[in-house]
There are 2 protein chains.
Amino acid sequence: MRAAAKAPTKTSSASSSGEFGRVETLPVTGGQAARPRRTTLRDVADAANVDPSAVSRVVNNDPRASVSEATRKRILEAAARLGYRANVGARGLVTSRTWTIGFVLPSLSNPMYEPIVRGVEMEADERGYGIVVGSQIEGKSPRVFANLLQEGRVDGLLVASGTLHDDFIREIVEHGPGPVVMVNRRVEGVKSSVVVDDEGASRTAVDYLECLGHRVVGGIFGPSKIDTAVRRKAGFAKAVAAHGLQSVEVDRPGWRPEDGFTGARRILKEAPEVTAIYASTLLMGIGALRAAAENRRPVPSSLSVVCLHDSPIAEYLVPPLTTVRLPTEQLGRKAVQLLIERLEGGRERAIMIDGDGEIVERASSGPASAWD
Amino acid sequence: MRAAAKAPTKTSSASSSGEFGRVETLPVTGGQAARPRRTTLRDVADAANVDPSAVSRVVNNDPRASVSEATRKRILEAAARLGYRANVGARGLVTSRTWTIGFVLPSLSNPMYEPIVRGVEMEADERGYGIVVGSQIEGKSPRVFANLLQEGRVDGLLVASGTLHDDFIREIVEHGPGPVVMVNRRVEGVKSSVVVDDEGASRTAVDYLECLGHRVVGGIFGPSKIDTAVRRKAGFAKAVAAHGLQSVEVDRPGWRPEDGFTGARRILKEAPEVTAIYASTLLMGIGALRAAAENRRPVPSSLSVVCLHDSPIAEYLVPPLTTVRLPTEQLGRKAVQLLIERLEGGRERAIMIDGDGEIVERASSGPASAWD
DNA sequence: ATCCATATGTCAAACCTTTGACTTAAACCC
DNA sequence: GGGTTTAAGTCAAAGGTTTGACATATGGAT
């Protein structure tokens, strides 16, 4: 039951620690050279010759502060000169707010997360919050993220991970000490979420292909256990039906180039009559391009390829890849807004960002060629 | 009863607040539904019928704990049952350690950072540390990272950002209240750093090209203000000279596909006799591949392309890209180790991870063709 | 019986900040 | 000029944890 620290620690005597927050007992005082001590409220108060409480009220712009204009100046000046910044731990202790948000995402390798993270960081920053990013790497149990909440490291959690029926996430949502907002995917039973219109985006892609005259199209989707994949696939299927097209769809266990490659390969083998393939991520699109090359299907003359989510990389692939751009930065921003709203007592709600995406047309797509 | 008449005034907060840590005064009590309170030390103590200090000593495995085996069992059991985790803020207050590390990186879009981040996260996790990732997005001043330290959010900083002569970073290193370790690049005057052997990696690439019979090679490098770019270029130049090859080198203002594209285009225009191009990042390699296609230089028959840093994406490009793999995950791990070492009083030092990289040969490189 | 170790815990201060309540002195009102 | 209001601050408690210094009871030796 007690998980010993696996590292070759010197003080391996400490076997059962770590379970409650600390891993090993370290020598607390190092031989550190005199390092400038952190400036505290008291330092500023002394410098300005006032009580710490006055300083606190002034720097926090508390309306209950009653100080003369002169004193206020003096305090602000001292704070600036000493580079004072409130210690978030101490503040959190009294306000029960750490002003920090945790952001859990499945991996950093998917370029789609870049704008989401940017949106999250910017919005959080503007609202005075810091963020802790945790990518859910293997060997790191999901417990780690519940711990963020339980250790009081963060006030709430943004989760871009998890499957449709994810008991663990539901457990955190129900019994964890802070609000959780799902971003980009939903989990059954979790009411707070913000997503983009993946279904609409798929429709946009199919509409576009239909316009170009494609009548038989392939679609590559992610794991059917994941909400996002389901919605993308549903949008694809509906659009295909609406236009009376023929289609072949494959599900893959991931969203990586590898999955796009094997997915496209299967489509091209089983239904060589397709003239276009829709990949549900950029990474998959890259894999699909490679499968096309390997199957001697020149792009776009013999096969068009389009994918979801634009990225600077798309522009420089061979050939450049046509994508559907979605407001992912906005997704990140909105997620932070909803989480803060919940922290302030707002109720749970599911948000879908408006917009079904816009085609960024590049050389990987073109008119359907006659096939027979 | 308290009227809780917290000023609902939106207060023209924007002006002078926020500078010392908080952005606006928010209503503290929301209409939040009864949320399970965080379990505290006192809760556990009450449940186990002992003093909080006993609990603290037991869960932290403090050798000064003097409790009977029975009591220890009781405490551990209660702690587990209640899901106790020490509040890091309160702990940090007394120990002056937050058990959190800040990691500042220039962007998340470069796939090279993925393994570094993974290494950092894993090592930190194993050592009982959490990490705060901050990508240095535009509009977010570098001050933000100094603040991490000054607000007591983190114990130390890992910095993968910054130019060779970076006054701001030097300033943090000298006057900030915690240690800073540079990762993957160095900054003049900052003694703690860990890097890979970029010079050796460039040499490995050139050696490989020379083996294939290439006599005229191009090299694309990053901004000459950045240490990493300088070392890569130096390694390239030395290897070229050692083999008596001819070369043409270009510097670019970034490491993106765009930079690789424009760089390669220029090389192919000014020195069409090159038979191979070395790009100093994967993203640049992607751009170079595109430039080759646009200049009707089939890869690899007319032009070989190789780049630094392997990634799963490389395998699926058209054609698959030959890379030099470097121990980047190890880089991340080592950086954390050094930072913790410094936190414990160790002295500053510069580390270079062993290994000059290994060629991952793919279809983008081949024997030099006879030219003209 | 008395005294000393030992085992087993408990006490209380400190860390830094926020915040409701309280104080002091001057200004104001009639 | 006595009483009241206001301006300008100060006081002290609280929040969760760690940690050096005490306290109490038990058992053993003398």
Side-chain angles (χ1 to χ4, degrees), chain A residues 17 20-22 25-26 28-29 37-46 48-72 74-75 79 84-99 150-153 177, chain B residues 1-7 20-22 25-26 28-29 37-46 48-72 74-75 79 84-99 150-153 177:
Chain A
S17 149
F20 302 102
R22 193 188 256 184
T25 318
L26 294 158
V28 168
T29 59
R37 208 172 47 82
R38 228 163 235 135
T39 303
T40 75
L41 199 53
R42 160 134 262 124
D43 296 333
V44 179
D46 289 349
N49 239 311
V50 289
D51 188 86
S53 64
V55 178
S56 173
R57 288 191 161 104
V58 167
V59 302
N60 288 327
N61 233 16
D62 186 330
R64 280 160 309 186
S66 60
V67 291
S68 64
E69 212 34 60
T71 309
R72 167 182 298 271
R74 206 155 20 96
I75 291 175
Y84 173 69
R85 307 229 92 225
N87 178 302
V88 299
R91 164 181 289 166
L93 217 44
V94 21
T95 59
S96 301
R97 295 282 289 268
T98 61
W99 301 90
Q150 265 150 351
E151 291 175 347
R153 263 186 215 279
Chain B
M1 296 281 101
R2 299 208 333 259
K6 190 92 177 77
F20 302 101
R22 192 189 257 183
T25 318
L26 295 158
V28 168
T29 60
R37 208 171 48 81
R38 228 163 234 136
T39 304
T40 74
L41 198 54
R42 160 134 263 122
D43 296 333
V44 180
D46 288 350
N49 239 314
V50 290
D51 188 85
S53 64
V55 178
S56 173
R57 289 192 160 103
V58 167
V59 302
N60 288 328
N61 233 16
D62 186 330
R64 280 160 308 186
S66 58
V67 291
S68 64
E69 210 35 60
T71 308
R72 166 182 297 271
R74 206 152 24 91
I75 290 176
Y84 173 70
R85 308 229 91 224
N87 178 302
V88 300
R91 165 180 289 166
L93 217 44
V94 21
T95 59
S96 299
R97 294 283 289 266
T98 61
W99 300 90
Q150 266 149 349
E151 290 175 347
R153 265 187 213 279

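Naming convention: chains lettered A, B, ... in sequence-line order (proteins, then strands); numbering from 1 in each chain.
When each of D:dC11, D:dG16, C:dG9 is scored by its nearest atom to the side-chain atoms of A:L93, the top-ranked nucleotide is D:dG16. Taking every side-chain heavy atom of A:T40 into account, C:dC16 is the closest of C:dC16, C:dA21, D:dA8. Relative to the side chain of B:V67, the nucleotides C:dT17, D:dT10, C:dG9 differ in distance, and C:dG9 lies closest. Checking C:dT18, C:dG9, D:dG20 against every side-chain atom of B:R64, the shortest atom distance belongs to D:dG20. Closest contact between the side chain of A:R57 and the listed nucleotides C:dT18, C:dA21, D:dT18 involves C:dA21.
Distance CZ/A:R57 to CZ/A:R72: 12.5 Å, rounded to 0.5 Å. With rounding to the nearest 0.5 angstrom, the CG atom of B:N87 is 9.5 Å from the OG1 atom of B:T40.
Salt-bridge annotation for B:R38 and B:D43: absent, with no side-chain N of the basic residue lying under 4.0 Å from a carboxylate O of the acidic one.
Direction of the helix axis in the helix from C:dA1-D:dT30 to C:dC30-D:dG1 shifts by 60° between the two five-pair termini, rounded to 10°.
Between A:S96 and D:dG15 there is no side-chain N or O to OP1 or OP2 distance below 4.0 Å. OP1 or OP2 of C:dT18 lies within a sub-4.0 Å distance of a side-chain N or O belonging to A:S56. Residue B:Y84 places at least one side-chain N or O closer than 4.0 Å to OP1 or OP2 of D:dT17. Checking the phosphate oxygens (OP1, OP2) of C:dC15, no side-chain nitrogen or oxygen of A:N87 falls inside 4.0 Å. Contact between the side-chain N/O atoms of B:T71 and the OP1/OP2 oxygens of C:dG9 is found at a separation under 4.0 Å.
Pairing each heavy atom of B:D51 with each of B:A45, the nearest pair is C-CB, 3.9 Å.
Position along DNA chain C of the nearest nucleotide to A:A90 versus B:S53 favours B:S53 as the more 5'-ward residue. Along DNA chain D, the nucleotide nearest B:D51 and the nucleotide nearest B:G89 are compared for position; the residue whose nucleotide lies closer to the 5' end is B:G89. Between B:A54 and A:L41, the residue whose closest nucleotide on DNA chain C is further toward the 5' end is B:A54.
Atom P of nucleotide D:dA14 and atom CZ of B:R38 are separated by 21 Å, given to the nearest angstrom. In this structure, the CZ atom of A:R91 is 16 Å from the C1' atom of D:dA14, given to the nearest Å. Atom CZ in A:R97 sits about 18 Å away from atom P in D:dG15, given to the nearest Å. Taking atom CG on A:N60 and atom C1' on C:dT18, their separation rounds to 8 Å, with Å as the unit. Between the CZ atom of B:R85 and the C1' atom of D:dT17 there is a distance of 15 Å, rounded to whole Å. The CD atom of B:E69 sits 11 Å away from the P atom of C:dG9 (whole-angstrom rounding). Taking atom CZ on A:R72 and atom C1' on D:dA7, their separation rounds to 14 Å, with Å as the unit. Between the P atom of D:dG20 and the CG atom of B:D62 lies a distance of 8 Å, rounded to the nearest Å.
A donor-acceptor distance shorter than 3.5 angstrom exists from the side chain of B:R74 to the backbone of B:A48, with no hydrogens or angles considered.
Side-chain N/O atoms of B:R37 and base N/O atoms of D:dG15 include no donor-acceptor pair closer than 3.5 Å. Donor-acceptor pairing under 3.5 Å, judged by distance alone, is absent between the side chain of B:T95 and the base of C:dC15.
Taking the side chain as every heavy atom from C-beta outward, B:R91 and B:W99 approach each other to under 4.5 Å. Side-chain contact check for A:V44 versus A:T39: some heavy-atom pair is nearer than 4.5 Å.
A donor atom on one side chain and an acceptor atom on the other are found under 3.5 Å apart for A:S68 and A:T71.
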